[in-house]
Amino acid sequence: MAQAQTVLVIDFGGQYNQLIARRVREHNVYCEVISYKTPISQIRAINPKGIIFTGGPKSVYLDDSPRMDKEIFELGVPILGICYGAQFLVYGLGGEIGAASAEAAAEFGRTDCEFDTTAPIFKGLKKKSVVWMSHNDYIKKLPDGFKAIAHSAKCPFGAIENSAKKFYGTQFHPEVNHTEQGFDMLGNFLFNVCGCKRDWTMESYAETATKQLREKIGDGKALLALSGGVDSSVACKLLANAIGSQLTCIFVDHGLMRKNEGDEVEAAFAGSGVNFVRVNAGERFLSKLKGVVEPEQKRKIIGEEFIRVFEQEAKKIGKVDYLVQGTIYPDVIESGLGDADVIKSHHNVGGLPAYVDFKEIVEPLRLLFKDEVRALGAALGLSDKLVWRQPFPGPGLAIRIIGEITPDKVKVLQDADAIFREEIANAKLDRDINQYFAVLTNMRSVGVMGDGRTYDYTLALRGVTTTDFMTADFSRIPYDVLEKVSNRIVNEVKHINRIVYDITSKPPATIEWE
């Protein structure tokens with residue numbers, strides 16, 4: 001999405017790449033992530049104000065490591081290399097990178113670091129603070145024109161500078177919260193080194209996105225896959241502003257929604273002026289999922305069935321060229337972006353079938369994180385109820401039921417999940433916990449109710465706090481709230497006799513169980 005000024009994040013295959021972009025945008029500077037395979041001519045055409053090289057899992061001196069043409073260093077554009085990116089900067093300019101040894105050991109996790117605060121990227125910062133290191137290799141020899149501007153006990157080149165060329169490198173990760181002054185370091189690079197302006201806001205994003213959608217779709221028709229969740233609701237508003245009556249929103253009730261949710265979604269869009277169609281396809285989806293227990297297979301079945309339903313509905317409308325989805329960037333990353341690993345296929349990304357009977361799939365939120373989507377929704381004038389609605393995955397309860405999915409299990413989970421969400425709201429914690437839900441496990445255990453033996457399911461409760469949904473910590477829900485939820489569920493919902501609470505952060509877990 002073209003802007004007056006752009007900072008490019010060049011992706012070398014690390015897991016924090018979009019987090020870097022997010023941190024840049026938090027400074028109100030527009031940013032895009034591109035692959036290291038992008039031609040130099042294309043980068044030159046963008047005319048970026050600055051370039052950031054990301055981390056990556058490889059060793060830069062190995063033959064199969066991701067590298068760019070050295071012409072990248074001749075564009076006259078400031079560069080910040082992070083971790084692998086710093087090592088590529090050194091290696092590409094004639095320095096040396098070595099494997100960790102007694103001379104310079106590998107570092108992982110929280111590390112004390114000392115900075116040269118006369119350097120532009122450390123201007124105004126404390127001379128000593130904690131950074132987050134994660135490297136097996138180290139900078140052995142600097143290229144000509146570089147000097148060290150930060151060090152730790154084991155890393156003499158914790159950060160480096162070539163002030164004449166405006167090239168900088170940090171062996172640590174300034175984009176993660178564990179680096180205490182990392183946000184300000186990135187800000188110093190953007191403003192002190194690159195000369196960026198704070199001119200990118202959600203209002204400007206909405207204006208540009210609306211214009212581009214109008215130009216792309218023209219006089220054609222578009223079909224939006226509307227779930228009623230935050231992402232698709234914001235996409236709906238954006239599309240409605242761009243093309244009006246040319247948009248039809250299809251809400252597929254796949255029988256795996258939360259309790260009463262299908263009716264609630266329909267009510268939310270009644271009278272909105274949007275062409276809204278509800279398709280009740282519960283029996284169709286459940287029959288396809290019968291006997292399936294493997295999570296990836298569930299996601300791919302659901303992804304394909306969604307597309308097939310949309311194709312059928314499009315034929316009823318007439319010629320529809322564009323399918324619009326509310327895909328956001330965490331979906332893209334977890335489904336495998338560039339050289340990154342596939343964590344899990346999202347039904348609207350990696351779960352899509354090979355053939356889709358539309359001219360093009362349009363994803364206007366593809367570069368945004370969840371909190372940015374909410375900010376965009378507010379900028380577009382959506383109600384708080386829609387903007388702050390609890391996130392709900394497209395596959396629905398299918399990925400919150402471990403093992404085979406049956407209508408009875410769906411009913412049990414719907415009832416239990418409704419109680420959990422109700423009590424969280426009653427405790428006024430619904431804005432403090434970013435996502436909370438119940439999971440019906442496939443584990444059964446012995447219990448006792450009314451002096452009789454039971455052998456029923458264990459229900460897991462999950463609550464997390466996060467801003468970008470790329471990393472998350474488990475929520476410290478008060479014991480009295482958990483106790484009330486537990487008592488209500490085992491007394492009001494049949495076939496559950498044990499409640500557990502998930503206290504795992506992301507990573508190593510994901511937010512959803514499947």
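Please read all numbers here as calculations on a predicted model, not as lab measurements. All values below were derived from every heavy atom in this structure, side-chain atoms included, with hydrogens, water molecules and symmetry-related copies excluded.
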Asks: Considering only heavy atoms from C-beta outward, does the side chain of Lys298 approach that of Pro395 to under 4.5 Å?
Replies: no
Asks: Taking the side chain as every heavy atom from C-beta outward, state whether Ile40 and Met68 have any pair of such atoms under 4.5 Å apart.
Replies: yes
Asks: Which heavy atom of Ala225 sits nearest to which heavy atom of Phe310, and what is that distance?
Replies: CB-CZ, 3.3 Å
Asks: By side chain to side chain contact (heavy atoms under 4.5 Å, CB included), which residues pair with Pro507, not counting sequence neighbours?
Replies: Thr471
Asks: Could you list all the side-chain hydrogen bond (donor to acceptor under 3.5 Å, both in side chains) pairs where at least one residue sits in residues 115-124, not counting sequence neighbours?
Replies: Asp116-Thr118, Thr117-Lys127
Asks: Should Asp137 and Ser59 be marked as a side chain to side chain donor-acceptor pair (under 3.5 Å) after you check the CA-CA gap, both sets of side-chain angles, and the distance that decides it?
Replies: CA-CA 7 Å; Asp137 295 325; Ser59 293; 2.7 Å; yes
Asks: Would you please say whether a donor-acceptor pair under 3.5 Å links the side chains of Trp513 and Asp502?
Replies: yes
Asks: Using a 3.5 Å distance criterion without hydrogens, assess whether the side chain of Glu161 forms a donor-acceptor pair with backbone atoms of Ser163.
Replies: no
Asks: Please list, chain by chain and in numerical order, all residues satisfying salt bridge (Lys or Arg N to Asp or Glu O under 4.0 Å) with Lys58, sequence neighbours excluded.
Replies: Asp64
Asks: Indicate yes or no for a side-chain donor-acceptor contact from Gln181 to the backbone of Lys126 under 3.5 Å, with no hydrogens or angles considered.
Replies: yes
Asks: At their closest point, which heavy atom of Thr54 faces which heavy atom of Gly13, and how far apart are they?
Replies: OG1-N, 4.3 Å
Asks: Quick one, Phe276 and Phe269 - any side-chain contact, counting heavy atoms below 4.5 Å?
Replies: yes
Asks: Does the side chain to side chain contact (heavy atoms under 4.5 Å, CB included) test come out yes or no for Leu213 and Ile243, once each step is laid out?
Replies: CA-CA 8 Å; Leu213 287 167; Ile243 61 172; 5.6 Å; no
Asks: Just wondering, do Cys196 and Gln5 contact through their side chains at under 4.5 Å, heavy atoms?
Replies: yes
Asks: Taking Glu372's backbone N and O only, do any of them form a donor-acceptor pair with Tyr205's side chain (distance below 3.5 Å, no angle check)?
Replies: no
Asks: Apply salt bridge (Lys or Arg N to Asp or Glu O under 4.0 Å) to Arg214 and list each qualifying residue two or more places apart in sequence or on a separate chain.
Replies: none
Asks: Going through the checks in order, is the side chain to side chain contact (heavy atoms under 4.5 Å, CB included) test met by Ser475 and Tyr436?
Replies: CA-CA 9 Å; Ser475 298; Tyr436 49 92; over 6 Å; no
Asks: Applying salt bridge (Lys or Arg N to Asp or Glu O under 4.0 Å), can you list everything that pairs with Arg389, at least two apart in sequence or on another chain?
Replies: Glu261
Asks: Spell out, as yes or no, whether a donor-acceptor pair under 3.5 Å connects the side chain of Thr38 to the backbone of Ile34.
Replies: no
Asks: Once ring-ring contact (aromatic ring centres under 6.0 Å, His included) is applied, what residue pairs with a partner in residues 222-245 remain, sequence neighbours excluded?
Replies: none
Asks: Is there a side-chain contact between Phe115 and Ile149, using heavy atoms and a 4.5 Å cut-off?
Replies: no
Asks: Could you tell me which residues satisfy ring-ring contact (aromatic ring centres under 6.0 Å, His included) with Phe53, sequence neighbours excluded, listed by chain and number?
Replies: Phe12, Phe88
Asks: Does anything in residues 67-91 form a salt bridge (Lys or Arg N to Asp or Glu O under 4.0 Å)? List the pairs, not counting sequence neighbours.
Replies: Arg44-Glu71
Asks: For Glu360, enumerate each residue passing the salt bridge (Lys or Arg N to Asp or Glu O under 4.0 Å) test, keeping only those at least two apart in sequence or located in another chain.
Replies: Lys216
Asks: Side chain to side chain contact (heavy atoms under 4.5 Å, CB included) for Met202 and Leu368? Distances and angles first, verdict last.
Replies: CA-CA 10 Å; Met202 278 303 150; Leu368 300 184; 4.2 Å; yes
Asks: Measure from NZ or CZ of Arg308 to the centre of the six-membered ring of Phe306 and say whether it is under 6.0 Å with the direction within 45° of the ring axis.
Replies: no
Asks: I need the minimum non-hydrogen distance between Val464 and Ile433, along with the two atoms involved.
Replies: O-CG2, 3.5 Å
Asks: If you take all heavy atoms of Met185 and Pro174, which pair is closest and at what distance?
Replies: SD-CB, 4.3 Å
Asks: Any salt bridge between Arg22 and Glu26, counting N to O under 4.0 Å?
Replies: yes
Asks: Judged by atom type as modelled, is there a donor-acceptor pair below 3.5 Å linking the side chain of Asn28 to the main-chain atoms of Trp200?
Replies: yes
Asks: On the ring face of Phe437, is Arg400 found with NZ or CZ under 6.0 Å from the centre and within 45° of the axis?
Replies: yes
Asks: Does a donor on one side chain sit under 3.5 Å from an acceptor on the other, for Asp473 and Ser505?
Replies: yes
Asks: Can any side-chain N or O of Ser152 pair as donor or acceptor with the backbone N or O of Cys155 at less than 3.5 Å?
Replies: yes
Asks: Please answer whether the main-chain N or O of Lys37 pairs with a side-chain N or O of Ser35 as donor and acceptor at a distance below 3.5 Å.
Replies: yes
Asks: State whether a side-chain donor-acceptor pair under 3.5 Å links Tyr168 with Asn162.
Replies: no
Asks: Test your reading of the model: is there a side-chain donor-acceptor pair from Arg23 to the backbone of Phe183, 3.5 Å cut-off?
Replies: no
Asks: Between atom NE2 of His27 and atom CG of Leu186, what is the distance when rounded to the nearest 0.5 Å?
Replies: 6.0 Å
Asks: To check you understand the geometry: which heavy-atom pair defines the closest contact between Ile10 and Tyr36, and what is its length?
Replies: CG2-CA, 3.6 Å
Asks: Check ring-ring contact (aromatic ring centres under 6.0 Å, His included) between His151 and all other residues, then give those that pass, not counting sequence neighbours.
Replies: none
Asks: Show me the pairs that pass side-chain hydrogen bond (donor to acceptor under 3.5 Å, both in side chains) and involve residues 232-247, at least two apart or across chains.
Replies: Ser227-Ser232
Asks: Donor-acceptor check, side chain of Arg462 to backbone of Thr504, threshold 3.5 angstrom: yes or no?
Replies: yes
Asks: The test is side chain to side chain contact (heavy atoms under 4.5 Å, CB included); show your working for Leu365 and Thr327 and say whether it passes.
Replies: CA-CA 6 Å; Leu365 311 179; Thr327 308; over 6 Å; no
Asks: Considering non-hydrogen atoms only, spot the tightest contact between Cys249 and Val274 and give its length.
Replies: SG-CG1, 3.2 Å
Asks: Mark yes or no for whether Thr6, through its side chain, and Pro48, through its backbone, hold a donor-acceptor pair below 3.5 Å.
Replies: no
Asks: Are any non-hydrogen side-chain atoms of Lys370 and Ile328 less than 4.5 angstrom apart?
Replies: yes
Asks: Would you call Leu80 and Ile51 a side-chain contact if the rule is heavy atoms closer than 4.5 Å?
Replies: no
Asks: Which residue pairs pass the side-chain hydrogen bond (donor to acceptor under 3.5 Å, both in side chains) test when at least one of the two sits in residues 183-198, sequence neighbours left out?
Replies: Asn188-Asn192
